[in-house]
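Just the heavy atoms: all of them, side chains too, but no hydrogens, waters or symmetry mates, feed the values below. In what follows, chains carry the letters A, B, and so on, assigned in the order in which the sequence lines appear, proteins first and then strands, with residues in each chain numbered from 1.
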Amino acid sequence: MRFVDEFRDPELALVLGTEITALCDPGQHYKIMEVCGGHTHTIYRYGVQDHLPDNIELVHGPGCPVCVIPMGRVDDGVAIAERDDVILTCFGDMMRIPGGNGSFLDANAAGADIRMVYSPLDALRIARQNPDRQVVFYAIGFETTAPSTALTVLRAKQEGIPNFSVFCNHVTIIPAIKAILDSPDLRLDAFLGPGHVSTVIGCRPYDFIARQHGKPLVCAGFEPLDLLQSVYLIMKQLKEGRAEVENQYGRVVDWDGNPRALAVMNDVFSLRPYFEWRGLGSISHSALQLSSRYADFDAELRFAVPGVRVADPKACQCGEVLKGVLKPWECKVFGTACTPETPIGTCMVSSEGACAAYYNYGQYAKQRIHLEV
Amino acid sequence: MSRQITEDEVGQRIEKMRRRRPRFVDDRVTMSHGAGGKASRALVEGLILPLLDNETLDQLGDAAVLQLGGVRMAFTTDAFVVRPVTFPGGCIGELAVNGTVNDLAVSGARPAAISAALILEEGLAAEELRGQVSAMADAAERAGVAVTAGDTKVVERGRCDSMYIVTTGIGLIEHDLVLTPSQVRPGDKVLVSGTIGDHGVAILLARGELDIDADVRSDTQPLWLLVEAMINACGPALRCMRDATRGGVATVLNEIALAADVGVIISEDQVPMLPEVIGAGEILGIDPLFVANEGKLVAFVAPDAADAALAAMRSHPAGARASIIGEVREEPPGRVLSKTTFGGHRMIDMLVGDPLPRIC
């Protein structure tokens with residue numbers, strides 16, 4: 001398929017793989033974190049690791065939006081959805097995320113009306129079609145999805161749709177990266193920067209990673225060759241002793257981001273003083289809520305929600321996995337008590353979650369099985 | 001502190017868990033249980049099989065193979081609840097006939113007779129019903145079978161979605177081939193009969209919830225004549241076939257790999273797919289290997305007969321785009337691996353729950 005196959009060329013991949021290997025010091029082990037869950041998915045979906053030498057390890061970071069949703073927030077969503085007059089809408093990935101009291105799928109089986117949508121605008125359409133019901137959009141995601149939620153709120157206000165509201169769980173990427181960099185047991189050499197988030201926020205916010213922490217970051221696209229090229233750029237920086245922010249995804253990411261998207265977000269959202277992240281704990285100024293101008297559309301104000309903090313299950317080591325301290329398989333419950341069918345931690349739910357990706361695709365990655373058929 | 005276990009040990013632990021008969025642990029049935037992946041397997045093998053326990057059912061083939069009065073026959077049933085009831089390339093009436101015909105066909109049986117039970121929603125337009133039953137008649141004629149028994153029920157408005165259809169079929173097995181996963185062995189080639197994912201994507205787009213326009217039509221079609229040509233071309237070299245419906249080709253490959261305790265390796269660039277299906281999959285994040293088909297089969301054939309099987313398939317319209325997509329290995333037992341188009345490889349496991357409910 002045009003404009004896709006060009007970025008998946010196996011011949012070019014071999015060339016890049018050879019050049020990356022040439023940049024490696026064979027006696028050293030390199031740990032590179034891909035922050036974004038979309039990258040994790042690409043790595044496993046295409047077998048990107050097969051083109052890298054054994055001493056480059058890709059560590060899966062915290063950028064899977066559903067993986068960082070704490071259980072209490074799922075329970076809040078269920079509590080809203082249990083009201084007879086409510087239709088709760090959310091992205092499909094959210095349906096199976098376990099709360100303290102079951103998932104949205106379980107809530108549906110018990111009688112709630114939770115519907116999957118592909119865009120917040122679909123939720124607004126459902127609100128128009130059901131004027132006698134309250135339609136709530138359960139918003140999740142980083143700066144990638146936040147602008148579309150913001151635009152939907154703006155449109156709801158313009159059209160005066162009174163039965164629409166947003167339960168906002170949007171989070172911001174920089175505080176999460178800071179939390180990882182401040183973790184005492186961290187041992188990462190560099191970062192693959194989240195391409196989609198960067199289309200909105202640009203590359204400047206990552207400066208501190210290079211300047212203060214001395215780690216290279218390369219903003220990477222989502223095709224497998226994008227990732228290989230980005231790893232190449234990182235290895236080149238490491239080899240030359242540089243630590244800079246570079247933009248591999250220049251065909252989409254502007255250095256200054258998308259000013260219109262940022263302006264809309266600034267208008268519709270305000271920073272929460274703190275927000276709890278699954279596995280990472282409470283992080284200050286790391287999440288968005290509807291600003292006071294749009295409080296009418298804030299589901300947290302419209303409905304009484306329990307707002308109870310539910311502790312992560314004790315056995316679950318999602319936090320260590322999200323920080324790259326543990327590999328998925330090193331978690332105590334990985335593959336036994338915690339599987340994609342019966343996930344304990346969120347990393348096991350979404351296909352972008354580090355554990356689910358490893359469980360589904362990764363187990364034989366080391367064996368280099370001869371695959372000519 | 002206990003000894004740190006190795007990655008290999010974790011892999012073995014997962015294998016052990018995977019082979020255990022799944023348990024049904026949920027309090028209620030959720031939509032995941034209907035999607036054809038692991039949750040469906042837990043429903044069938046964890047809740048239903050232990051209660052209806054018998055040797056024939058335990059085989060979990062597309063149809064049961066029975067020996068009655070000296071005659072070998074295949075016997076199957078299938079329920080159809082697709083929404084919308086009419087979609088590009090087909091409708092629920094046509095699907096209900098073809099689905100049962102194909103379950104018989106891949107079991108090696110010539111379809112002999114079909115029954116149909118219609119569950120109709122109060123208020124259903126007579127014209128709609130007439131159209132669906134006509135489609136059943138046309139599909140039956142095309143498949144060389146008649147609907148010879150039936151039942152109707154009407155339920156209150158809102159108790160079903162326009163109409164549901166349950167069909168049951170019997171077919172005659174006129175050869176002595178044994179077509180079961182136990183026949184599959186290392187070295188066998190894996191074939192698919194044409195482009196995959198067409199039906200599931202057509203249904204998804206037909207729901208009109210996505211604002212994606214693409215000309216993708218359901219592949220619903222009868223497969224018996226294709227199967228007959230393959231039996232004639234291969235004889236006992238034909239090991240096993242499956243109808244790649246709910247859960248798609250990936251689920252079929254996993255079922256066979258587990259049942260035959262073999263590894264299956266496929267090469268993604270050999271898997272036939274329409275560009276529209278690839279494109280929709282890219283946009284929606286859906287892998288066509290897991291998307292339902294309603295007129296495609298997966299066949300396991302001994303290596304020396306693979307070319308003959310391929311030629312026989314391609315000579316039939318239902319197999320015009322057939323392809324050899326991979327082969328069976330000893331290692332890793334119970335697992336499906338794929339060589340990606342990027343030159344890497346990945347594991348292909350069963351889905352937990354499908355994002356596309358009620359596609360058939």
Side-chain angles (χ1 to χ4, degrees), chain A residues 1 4-5 8-11 13-14 17 41 43-51 92-93 95-96 102-103 105-106 108-110 116-119 122 223-225 228 327-330 334-336 339-343 349 351 356 359-373, chain B residues 4-8 10-11 13-18 22 25-33 37-39 42 189-190 209-211 263 265-267 269-270 275 278-279 282 284-285 287 324-327 329 331-332 335 337-349 351-353 355:
Chain A
M1 196 163 45
V4 171
D5 292 344
R8 299 177 187 172
D9 183 345
E11 304 297 323
L14 283 176
H41 183 77
I43 287 162
Y44 283 115
R45 170 67 185 77
Y46 295 96
V48 172
Q49 186 84 51
D50 289 350
H51 288 291
D93 273 10
M95 294 297 284
R96 294 181 49 249
S103 66
L105 263 183
D106 295 323
N108 263 356
M116 202 173 97
V117 291
Y118 284 86
S119 151
D122 293 340
E223 292 297 331
L225 276 182
L228 276 187
K327 292 175 200 165
W329 62 267
E330 289 172 328
F334 177 84
T336 50
T339 65
E341 301 91 90
T342 53
V349 179
S351 65
Y359 187 98
N360 287 326
Y361 300 131
Q363 287 171 66
Y364 288 89
K366 291 244 165 95
Q367 297 188 10
R368 314 262 159 154
I369 291 165
H370 184 63
L371 284 172
E372 296 310 317
V373 291
Chain B
Q4 180 66 48
I5 62 164
T6 67
E7 190 172 5
D8 284 347
V10 172
R13 204 163 65 180
I14 292 173
E15 265 332 291
K16 221 170 110 191
M17 297 289 289
R18 242 181 128 241
V25 293
D26 305 77
D27 293 332
R28 292 169 194 276
V29 173
T30 71
M31 292 307 289
S32 287
H33 295 115
K38 289 180 182 176
K189 298 290 181 190
V190 183
E209 294 160 0
L210 295 176
D211 289 333
I265 318 270
I266 64 165
S267 188
D269 58 1
Q270 298 303 311
I278 298 175
E282 291 282 341
L284 301 171
D287 185 342
I324 298 175
I325 63 166
E327 68 178 31
R329 301 275 175 93
E331 294 288 329
R335 282 292 189 179
L337 291 170
S338 166
K339 182 186 177 195
T340 71
T341 48
F342 190 57
H345 65 269
R346 65 165 170 148
M347 176 127 40
I348 295 184
D349 201 357
L351 282 192
V352 173

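Residues B/D287 and B/I348 are not in side-chain contact: their nearest non-hydrogen atoms beyond the backbone lie 4.5 Å or more apart. Inter-residue side-chain proximity for B/H345 and B/I265 is flagged as unmet; no heavy-atom pair is nearer than 4.5 Å.
In this structure, A/R96 contributes its side chain and A/P340 its backbone to a donor-acceptor pair below 3.5 Å.
Interface remark: A/I43 contributes no atoms to any contact with chain B (heavy atom separation under 4.5 Å). For chain A, no part of B/D27 is nearby; none of its heavy atoms comes within less than 4.5 Å. Heavy atoms of A/L14 lying under 4.5 Å from chain B are absent altogether. For A/V48, the parts lying near chain B are the backbone and the side chain together; criterion is any non-hydrogen pair under 4.5 Å. Contact annotation for A/D122: only side-chain heavy atoms (C-beta onward) come within less than 4.5 Å of a heavy atom of chain B. With a 4.5 Å cut-off on non-hydrogen atoms, A/D5 does not touch chain B at all.
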Intermediate values then yes/no, side-chain contact (heavy atoms from CB on, under 4.5 Å), A/N108 and A/M95
CA-CA 9 Å; A/N108 263 356; A/M95 294 297 284; 3.6 Å; yes
Passes side-chain contact (heavy atoms from CB on, under 4.5 Å), B/T340 versus A/R8? Steps please.
CA-CA 10 Å; B/T340 71; A/R8 299 177 187 172; over 6 Å; no
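Listed by chain and number, the residues in a ring pair (Phe, Tyr, Trp, His ring centres under 6.0 Å) with B/F342 are A/H51 (sequence neighbours excluded).
Put simply, of A/P224, A/G92, A/P10, A/G47, the one with the most heavy-atom pairs under 4.5 Å next to chain B is A/P224.
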